[in-house]
Participant: 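Here it is: the structure, laid out below.
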There are 2 protein chains.
Amino acid sequence: MSEESRDLSDKRVNRRRLIGGFGAAAAVPVGGALLGGLRLERAAADDHLPEGLGDIIKARELTPEDVAAALETYMPSGKMDEFLMFTSSGHAGQVYVIGVPSMRVYKTIAVYTPEPWQGYGFSEETKAVLAQGNINGKEITHGDTHHIALSETNGEYDGQFCFINEKTHGRMAVIDLRDFATKQIVKNPLLVSEHGGAFVTPNTEYILEADQYPTPLGVGEYAPLSEYKEKYRGLVCLWKFDREKGKIIPEESFGIETPPYGHDLADAGKGASDGWAFWNSFNSEMATGGNMEGNPPLEVGASQRDMDYMHVVNYRKAAEVAAAGKADKIKDFSVIPMQTAIDEGIMYLIPEPKSPHGVDVTPDGEHIVVAGKLDPHVTVYSFAKIQAAIEKGGHEKDEFGLPILGFEDCMEAQVELGLGPLHTQFDDKGYAYTSLFLDSAVARWSAGKDGKWELVEKVPVHYNVGHISAAGGDTAKPDGTYLVALNKWSVDRFPPVGPLLPQNLQLLDIREGKTMRPLADMPLGFGEPHYAQIIRTEKIKAWDAYPQEDGKVGYDAIADDWHPAGTMVGDEKIERNGSKVEIWMTVMRSRFTPDNIEVNEGDEVTMHLTNIESAKDATHGFVLGGQNISLSLEPGETETIRFTADTPGVYPYYCTEFCSALHIEMAGYFLVKPTA
Amino acid sequence: MSEESRDLSDKRVNRRRLIGGFGAAAAVPVGGALLGGLRLERAAADDHLPEGLGDIIKARELTPEDVAAALETYMPSGKMDEFLMFTSSGHAGQVYVIGVPSMRVYKTIAVYTPEPWQGYGFSEETKAVLAQGNINGKEITHGDTHHIALSETNGEYDGQFCFINEKTHGRMAVIDLRDFATKQIVKNPLLVSEHGGAFVTPNTEYILEADQYPTPLGVGEYAPLSEYKEKYRGLVCLWKFDREKGKIIPEESFGIETPPYGHDLADAGKGASDGWAFWNSFNSEMATGGNMEGNPPLEVGASQRDMDYMHVVNYRKAAEVAAAGKADKIKDFSVIPMQTAIDEGIMYLIPEPKSPHGVDVTPDGEHIVVAGKLDPHVTVYSFAKIQAAIEKGGHEKDEFGLPILGFEDCMEAQVELGLGPLHTQFDDKGYAYTSLFLDSAVARWSAGKDGKWELVEKVPVHYNVGHISAAGGDTAKPDGTYLVALNKWSVDRFPPVGPLLPQNLQLLDIREGKTMRPLADMPLGFGEPHYAQIIRTEKIKAWDAYPQEDGKVGYDAIADDWHPAGTMVGDEKIERNGSKVEIWMTVMRSRFTPDNIEVNEGDEVTMHLTNIESAKDATHGFVLGGQNISLSLEPGETETIRFTADTPGVYPYYCTEFCSALHIEMAGYFLVKPTA
């Protein structure tokens with residue numbers, strides 16, 4: 001045999017052997033993919049395989065699926081994740097930013113809970129943001145964040161802002177994605193608790209919110225539970241957002257009074273259903289518990305009826321009605337009374353099975369998917385059918401007089417998926433994905449693709465999945481790449497860390513031509529993310545440092561403007577006015593100027609600190625013991641602290657963010673001289 | 001050619017081709033390793049390689065090193081990390097638990113900063129822990145954590161406790177690793193700031209601490225900076241730890257007065273040097289800044305001299321001296337005066353170059369390694385030589401009368417490593433590892449291995465590495481497996497998340513037969529870990545739930561005992577005594593009992609909540625709006641809340657930890673009836 005013919009023969013046999021090595025499944029080429037063996041050869045020839053590959057795989061007992069998942073998720077140093085996931089943190093009160101597919105945490109953004117690493121809630125500027133969320137004048141240092149909403153333009157994430165609701169007190173926060181900092185908290189004056197937010201309209205004109213547990217409208221309003229039907233109410237709400245100002249405008253926002261049904265989730269219409277919004281409800285029984293008095297607990301009382309009600313709201317018309325002066329003012333907030341909503345054709349009910357949790361609009365806006373956690377189906381409603389049913393008229397009414405559209409009139413399909421369906425996301429190929437809490441699984445189903453509404457496959461997740469988040473999966477243009485299952489229990493997935501276990505965020509691959517594949521488990525042991533949104537990294541245009549111009553330094557991150565006390569090198573000073581001392585300080589590697597400050601016991605001290613650096617990552621921290629002060633001064637930023645020097649003594653202040661080899665020496669002495 | 005001979009020939013050619021594919025370096029077998037090609041074949045034959053391997057590698061542009069690192073660090077679902085890393089969080093005030101090699105965050109343990117997800121600082125029990133750290137009676141809600149210390153038995157981590165210092169206020173905390181919860185905070189009554197802790201003695205008899213910036217001893221003590229030499233002092237301190245009680249015992253702890261040199265890091269002797277402790281200092285110049293008054297800033301003033309002083313302390317003898325009544329009591333704390341320390345031969349100084357940062361004892365205890373950040377060498381001292389020098393007597397004295405041992409008498413070796421050496425760790429093969437801040441590198445050097453003290457190799461890290469942590473790397477028996485570089489700047493490593501950037505914790509492989517290999521970058525965007533310790537996972541014996549026995553339920557995690565208000569099902573009650581209301585509540589899937597509570601405006605409310613579940617992961621949260629209450633009730637736990645019902649209204653309370661399909665229904669109403 002000639003060398004040449006033997007070489008050909010070698011190739012053939014080599015190829016056969018390698019293919020055999022992949023096991024039965026891999027031996028059959030799938031779709032247009034090349035044969036595994038050829039790929040291996042090519043990869044090897046291109047120097048992409050390391051020495052000792054097999055040893056590592058064996059030592060770590062990796063399966064072929066593990067090997068693939070490792071290679072799909074590993075992020076080499078300096079390479080960027082394709083996506084960023086913004087998640088709520090549950091009752092940690094914060095927002096987390098996580099890379100996808102690497103599932104690494106890039107940042108905590110402090111929102112409702114003070115956080116000293118980023119200095120949030122310790123400067124006068126950030127204390128003022130937190131104070132916007134005070135309840136009855138009381139400082140609240142926690143929050144229960146549930147649903148993140150990235151700002152959208154034409155139904156797609158635009159990477160400019162992020163909104164996050166707070167369930168315990170009915171609050172909403174605005175985060176600016178130039179500096180990833182919380183700029184505003186608004187307290188809904190009528191909601192005591194809330195849930196159905198934040199969800200934005202396709203151009204972020206409004207942010208949706210609603211009550212969770214009905215109460216008399218407004219903190220401070222009392223009525224006994226015996227008057228529940230008469231005096232307790234729900235409220236669906238549209239916060240007006242001003243993109244230029246980067247702020248929610250409460251005066252231009254409004255709510256619509258609803259029966260006390262207990263609202264859960266919401267979604268804004270888009271495309272075909274633009275201008276409409278959808279909220280579901282879970283307690284149309286109007287149960288209120290009372291289990292010490294012999295009544296069924298809420299979990300039983302609220303699960304009696306086969307149907308609750310989806311609330312279908314024409315919010316554009318509602319805005320016109322409110323603007324026309326037909327809304328009441330309750331606690332300075334515009335509320336369209338239920339009867340006005342009925343009279344003006346603003347709100348309709350549609351039966352939905354049973355104690356539903358998620359309500360999710362399809363990318364084209366033509367359908368609304370409801371998952372009833374006590375019903376094994378998802379129910380799909382057609383927006384066109386809803387409109388036709390509204391047109392038809394002659395509706396039944398609930399006991400509050402709200403029109404009820406016919407279930408069969410509006411329903412497009414029901415798809416049996418499994419036990420405990422909760423939330424639905426979408427891809428770019430006509431599939432929907434629904435979490436199954438009781439099954440601990442994610443279902444992929446055909447959402448009208450080729451006219452079919454049917455289950456395609458299910459993949460187990462670990463365990464008790466709540467929300468799921470697909471890349472762009474609630475927008476008009478889903479990416480169809482990755483999906484993260486936000487699992488509530490982790491039980492046996494991770495090493496022992498005591499009785500309080502981490503969550504398990506599981507990354508799934510939902511790309512074309514593949515069945516869903518779990519790629520990685522991500523423990524998250526510092527909060528309980530409920531909902532997340534996944535945006536392409538390239539859409540985020542964040543600042544590396546705060547603005548600096550010739551002759552100007554010192555930016556106020558909260559005011560989004562030059563800080564009036566911004567200080568240049570050489571302009572540092574200490575001014576005394578009676579018992580008031582004001583200090584303008586510059587901060588740079590590796591010194592504070594001034595680095596000696598003496599005041600008298602009892603002096604009221606105001607200190608403005610300007611980080612005059614412009615280099616990326618040149619952040620300095622500042623602490624002063626005994627005064628509860630911890631600042632994070634990013635390059636170009638000015639912040640102010642204020643305190644009374646109430647205890648004599650010597651208090652070192654120093655930089656907390658390791659900044660240079662002489663970081664330890666970046667310190668000063670604050671002396672409080674005792675009064676005689 | 002027969003089929004058989006062709007087959008043999010195929011194998012040979014196949015092998016050649018695959019080896020060639022690895023590139024030049026891999027084509028040459030290294031050490032005893034098998035040829036890459038054979039390994040690949042074997043791996044393939046064992047079904048360990050996935051379909052589409054090459055496609056993934058190409059699409060993601062992975063180098064052979066990336067592929068190996070991916071496979072070394074990927075953690076399949078349900079498989080456990082070999083190690084757990086406990087890190088400080090810097091000024092976030094917490095402790096993080098991170099898996100190694102997967103570099104995933106399993107938990108935040110709240111220590112100095114309240115944290116609502118784990119309910120820390122919101123129950124009466126945990127508020128009392130935080131209040132132990134009050135300063136001048138003032139609540140402090142932040143802390144600057146630096147150095148973690150796992151408890152040790154015979155110089156090895158035993159997995160029982162974890163200690164963490166707090167620099168801003170001179171505090172120390174105890175974490176129990178059965179439930180990963182903070183059980184105690186002690187405020188050092190004499191330290192205003194601190195740094196040289198926590199470091200434990202080999203059997204955790206004592207925890208080391210020292211001042212960072214000297215002050216008059218004690219919060220509240222004033223003296224002008226002009227009296228620095230006379231009235232400002234340092235203090236090295238040994239906190240007595242009682243393992244049975246799981247508590248630091250302040251009455252059995254003591255300090256030793258030192259000159260005001262500014263202490264930095266510390267380490268306890270072990271083996272040969274057991275009973276001794278070592279602290280370095282960085283400002284023997286006694287500079288105090290004053291840059292607005294024309295003095296050099298501290299960074300310049302403290303960097304004048306070529307040598308500072310290592311403080312060598314015989315702490316066993318010091319304990320005897322303190323026990324013999326030769327210590328002063330200052331603010332109820334035992335302090336051995338400097339002169340007594342001199343007279344009793346308790347403390348010696350040794351010159352050390354220059355503004356040193358780290359002081360680290362070798363695994364056998366025979367040498368002490370000091371890294372001077374302004375000197376390119378590490379300096380190695382011999383404990384035997386130190387003892388000989390002490391014996392020899394006739395020492396020079398510093399201006400406070402402390403004996404100074406001769407540098408040349410005590411020094412064993414100096415090894416030039418590069419710019420900005422900071423901290424040193426060890427492996428099990430005779431190598432030491434030192435971080436190089438200015439070089440952004442980690443150096444491996446021979447620490448007396450085969451009689452050699454010399455640099456072996458350096459590997460770049462990204463960027464500005466502070467501490468490093470090797471598995472067991474500061475114990476008597478290092479593991480020699482993984483090392484984590486705690487890099488302070490990340491600059492271009494990660495996607496844009498605003499001006500405040502994450503840290504970069506970089507995992508290196510330091511196993512036998514390999515040069516150091518970077519395996520993974522871990523962004524950490526919620527704190528600034530300074531020091532970390534890496535323990536074998538199997539040493540952690542954590543509880544899955546709090547103890548439960550027949551007839552007993554309700555554990556008090558802080559008291560480490562049955563909670564007097566633990567409540568069984570059926571024993572729930574509401575008791576009223578004038579304006580005081582006390583409630584015993586049970587908590588289980590998916591109800592609170594009672595779920596309706598009505599009190600009168602102004603009532604003082606005490607509520608005891610018992611999670612009666614025993615299932616692992618069956619945690620329930622509890623929030624009550626407007627009262628700043630957020631609890632995390634782990635299975636079997638009882639906690640108490642107390643508040644004044646000062647505002648009338650209707651306040652839903654609910655479970656915040658998603659626990660069942662009817663989690664949303666796990667709620668109740670707390671009504672505050674207005675007074676007439």
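Proteins get letters first, then strands, A, B, ... in listed order; numbering begins at 1 in each.
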Participant: Any side-chain heavy atom of A/Tyr106 sitting closer than 4.5 Å to one from B/Leu501?
Facilitator: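 No, side chains not in contact.
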Participant: With only heavy atoms counted, which part of B/Thr619 is less than 4.5 Å from chain A, the side chain, the backbone, both or neither?
Facilitator: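 It is the side chain, since no backbone atom gets that close.
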Participant: Got a sec: does the NZ of A/Lys616 have more than 12 other heavy atoms crowding it under 6.0 Å?
Facilitator: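 Buried by this count: over 12 neighbours within 6.0 Å.
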Participant: Which bit of B/Lys673 is near chain A, if near means a heavy-atom gap under 4.5 Å: side chain, backbone, both or neither?
Facilitator: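 Looking at B/Lys673, backbone and side chain both touch chain A.
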Participant: Among the options A/Glu634, A/Arg493, A/His169, A/Glu115, pick out the one with the most heavy-atom pairs lying under 4.5 Å from chain B.
Facilitator: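 Of A/Glu634, A/Arg493, A/His169, A/Glu115, A/Arg493 has the most heavy-atom pairs under 4.5 Å with chain B.
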Participant: Given a strict heavy-atom distance threshold of 4.5 Å, which part of B/Thr113 is in contact with chain A: side chain, backbone, both, or neither?
Facilitator: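 Interface part for B/Thr113: side chain.
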Participant: At a heavy-atom distance under 4.5 Å, which candidate from B/Pro674, B/Gly668, B/Ser89, B/Gly90 has the highest pair count against chain A?
Facilitator: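 Of B/Pro674, B/Gly668, B/Ser89, B/Gly90, B/Pro674 has the most heavy-atom pairs under 4.5 Å with chain A.
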Participant: Which one of B/Gln212, B/Arg104, B/Glu221 has the most heavy-atom pairs closer than 4.5 Å to chain A?
Facilitator: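 Sorted descending by pairs with chain A, the first entry is B/Arg104.
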Participant: Between the main-chain N or O of A/Tyr74 and the side-chain N or O of B/Arg60, is there a donor-acceptor pair closer than 3.5 Å?
Facilitator: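 A pair under 3.5 Å: yes.
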Participant: Would you mind checking which part of B/Ser490 comes under 4.5 Å of any heavy atom in chain A, side chain (CB onward), backbone (N, CA, C, O), both or neither?
Facilitator: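 For B/Ser490, backbone and side chain are both near chain A.
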Participant: Identify the two heavy atoms, one from A/Lys373 and one from B/Ile664, that lie closest to each other, and give their separation to 0.1 Å.
Facilitator: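 Nearest heavy atoms, A/Lys373 then B/Ile664: NZ-CB, 4.1 Å.
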Participant: Determine whether A/Leu225 and B/Leu671 satisfy the following criterion, side chain to side chain contact (heavy atoms under 4.5 Å, CB included), listing intermediate values before the conclusion.
Facilitator: CA-CA 9 Å; A/Leu225 284 166; B/Leu671 295 97; 3.8 Å; yes
Participant: At their closest point, which heavy atom of A/His142 faces which heavy atom of B/Val623, and how far apart are they?
Facilitator: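 Distance-wise, the nearest heavy atoms are CE1-CG1, 4.1 Å.
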Participant: State, yes or no, whether a side-chain contact exists between B/Met666 and A/Glu299 at a heavy-atom distance under 4.5 Å.
Facilitator: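 A side-chain contact is absent here, since even the closest heavy-atom pair is not under 4.5 Å.
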Participant: Starting at CD of B/Glu528, measure out to CH2 of A/Trp117 and round the result to the nearest 0.5 Å.
Facilitator: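 Those atoms lie 9.0 Å apart.
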Participant: Report the option among A/Trp489, A/Phe437, A/Tyr546 that has the most heavy-atom pairs separated by less than 4.5 Å from atoms of chain B.
Facilitator: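 The candidate making the most pairs under 4.5 Å is A/Trp489.
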Participant: Can you tell which part of A/Ser632 gets under 4.5 Å to a heavy atom of chain B, answering side chain, backbone, both or neither?
Facilitator: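 When you check distances to chain B, only side chain atoms of A/Ser632 fall under 4.5 Å.
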Participant: Please look at A/Val97 and chain B and tell me whether the side chain, the backbone, both or neither of the residue comes under 4.5 angstrom of a heavy atom of that chain.
Facilitator: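 For A/Val97, the contact with chain B is made by the side chain alone.
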Participant: Using non-hydrogen atoms and a 4.5 Å limit, figure out which bit of B/Asp492 sits close to chain A: side chain, backbone, both or neither.
Facilitator: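 Backbone of B/Asp492 only, per the 4.5 Å heavy-atom cut-off to chain A.
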Participant: Is any side-chain heavy atom of B/Val650 closer than 4.5 Å to a side-chain heavy atom of A/Val192?
Facilitator: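 No. Closest side-chain heavy atoms not under 4.5 Å.
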Participant: From B/Leu84 CG over to A/Phe494 CZ, what is the distance, rounded to the nearest 0.5 angstrom?
Facilitator: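 Interatomic distance, B/Leu84 CG to A/Phe494 CZ, rounded to 0.5 Å: 12.5 Å.
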Participant: Looking only at non-hydrogen atoms, find the nearest pair between A/Leu298 and B/Asp595 and report the distance.
Facilitator: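 Smallest interatomic distance, heavy atoms only, reads N-OD2, 3.9 Å.
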Participant: Check whether any side-chain heavy atom of A/Lys541 sits under 4.5 Å from a side-chain heavy atom of B/Pro496, and report yes or no.
Facilitator: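 Heavy-atom side-chain distance check fails, nothing below 4.5 Å.
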Participant: Mind checking whether B/Tyr654 and A/Thr168 have side chains closer than 4.5 Å, heavy atoms only?
Facilitator: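 Side chain of B/Tyr654 against side chain of A/Thr168, heavy atoms only: contact under 4.5 Å found.
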Participant: How long is the gap from CG on B/Leu524 to NZ on A/Lys107, to the nearest 0.5 Å?
Facilitator: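 Taking CG in B/Leu524 and NZ in A/Lys107, the distance rounds to 12.5 Å.
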Participant: Who wins among A/Ile135, A/Thr73, A/Thr141 for the most heavy-atom pairs under 4.5 Å with chain B?
Facilitator: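 Highest number of pairs under 4.5 Å: A/Thr141.
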Participant: Is there a side-chain contact between B/Ser303 and A/Leu662 in this structure, where contact means two heavy atoms from C-beta onward sitting under 4.5 Å apart?
Facilitator: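 The answer is yes; the side chains approach within 4.5 Å.
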Participant: Between B/Ala542, B/Pro116, B/Gly99, which shows the greatest number of heavy-atom pairs under 4.5 Å with chain A?
Facilitator: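 Looking at each option in turn, the highest pair count goes to B/Pro116.
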Participant: What part of A/Asp66 lies closer than 4.5 angstrom to a heavy atom of chain B: side chain, backbone, both or neither?
Facilitator: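 Both backbone and side chain.
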Participant: So which heavy atom on B/Gln118 is nearest to which on A/Leu500, and how close?
Facilitator: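 For B/Gln118 and A/Leu500, the tightest heavy-atom pair comes out as CB-CD2, 3.6 Å.
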Participant: Top residue by heavy-atom pair count (under 4.5 Å) with chain B, among A/Ser77, A/Gly466, A/Gly625?
Facilitator: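 When all of A/Ser77, A/Gly466, A/Gly625 are compared, A/Ser77 has the most.
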Participant: Can you tell which of A/Gly290, A/Pro224, A/Gly93, A/Pro518 has the highest number of heavy-atom pairs within less than 4.5 Å of chain B?
Facilitator: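 Among the listed options, the one with the most contacts to chain B is A/Gly290.
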Participant: Just how far is it from atom CE of A/Met292 to atom CD1 of B/Ile574, taken to the nearest 0.5 Å?
Facilitator: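 Reported value, rounded in 0.5 Å steps: 5.0 Å.
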Participant: Check whether B/Tyr213 gets within reach of chain A through its side chain, its backbone, both or neither, counting any heavy atom under 4.5 Å.
Facilitator: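 Both the backbone and the side chain of B/Tyr213 come within 4.5 Å of chain A.
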Participant: Nearest 0.5 Å please: distance from the OG1 atom of B/Thr647 over to the CG atom of A/Asn136.
Facilitator: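 B/Thr647 atom OG1 to A/Asn136 atom CG measures 3.5 Å (nearest 0.5 Å).
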Participant: Roughly how far, to the nearest 0.5 Å, is OG1 of B/Thr215 from OH of A/Tyr669?
Facilitator: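 A/Tyr669 atom OH to B/Thr215 atom OG1 measures 7.0 Å (nearest 0.5 Å).
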Participant: Please report the closest heavy-atom contact between A/Asn628 and B/Glu139, naming both atoms and the distance.
Facilitator: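 Minimum heavy-atom contact is CG-O, 3.9 Å.
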Participant: When only pairs under 4.5 Å are counted, which of B/Ala223, B/Pro594, B/Pro502 shares the most heavy-atom pairs with chain A?
Facilitator: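 Option with the top pair count is B/Pro594.
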Participant: Hey, which of B/Thr108, B/Asn596, B/Asp521, B/Asp617 has the most heavy atom pairs under 4.5 Å with chain A?
Facilitator: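 Heavy-atom pairs under 4.5 Å are most numerous for B/Asp617.
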Participant: Nearest heavy-atom pair of A/Pro652 and B/Ser193: which atoms, and what distance?
Facilitator: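 The answer is CG-OG, 3.9 Å.
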Participant: How about A/Glu637 and B/Pro499: do any of their side-chain heavy atoms sit closer than 4.5 Å?
Facilitator: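 A/Glu637 vs B/Pro499: side chains apart.
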Participant: Ignoring hydrogens and angles, tell me if any N or O in the side chain of A/Asp81 forms a donor-acceptor pair with the backbone of B/Pro495 under 3.5 Å.
Facilitator: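 Between the backbone of B/Pro495 and the side chain of A/Asp81 there is no qualifying donor-acceptor contact (under 3.5 Å).
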Participant: For the residue pair A/His357 and B/Phe658, categorise the inter-ring angle as parallel (less than 30°), tilted (30 to 60°) or perpendicular (more than 60°).
Facilitator: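 Rings of A/His357 and B/Phe658: perpendicular, over 60°.
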Participant: Between B/Glu293, B/Glu572, B/Arg178, which residue shows the highest count of heavy-atom pairs closer than 4.5 Å to chain A?
Facilitator: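 Option with the top pair count is B/Glu572.
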Participant: As a quick check of understanding, evaluate side chain to side chain contact (heavy atoms under 4.5 Å, CB included) for B/Tyr222 and A/Val672, giving each step before the final call.
Facilitator: CA-CA 7 Å; B/Tyr222 170 86; A/Val672 182; 5.8 Å; no
Participant: Non-hydrogen atoms of chain B under 4.5 Å away: do they reach the side chain of A/Ala302, the backbone, both or neither?
Facilitator: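 Just the side chain, heavy atoms under 4.5 Å.
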Participant: Could you walk me through whether B/Val497 and A/Ile540 satisfy the side chain to side chain contact (heavy atoms under 4.5 Å, CB included) test, starting with their C-alpha distance in whole Å, then the side-chain angles of each, then the deciding distance to 0.1 Å, before giving a yes or no?
Facilitator: CA-CA 8 Å; B/Val497 290; A/Ile540 303 289; over 6 Å; no
Participant: Select one option (side chain, backbone, both, neither) describing which atoms of B/Ala181 are under 4.5 Å from chain A's heavy atoms.
Facilitator: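 Contact with chain A is absent: no heavy atom of B/Ala181 under 4.5 Å.
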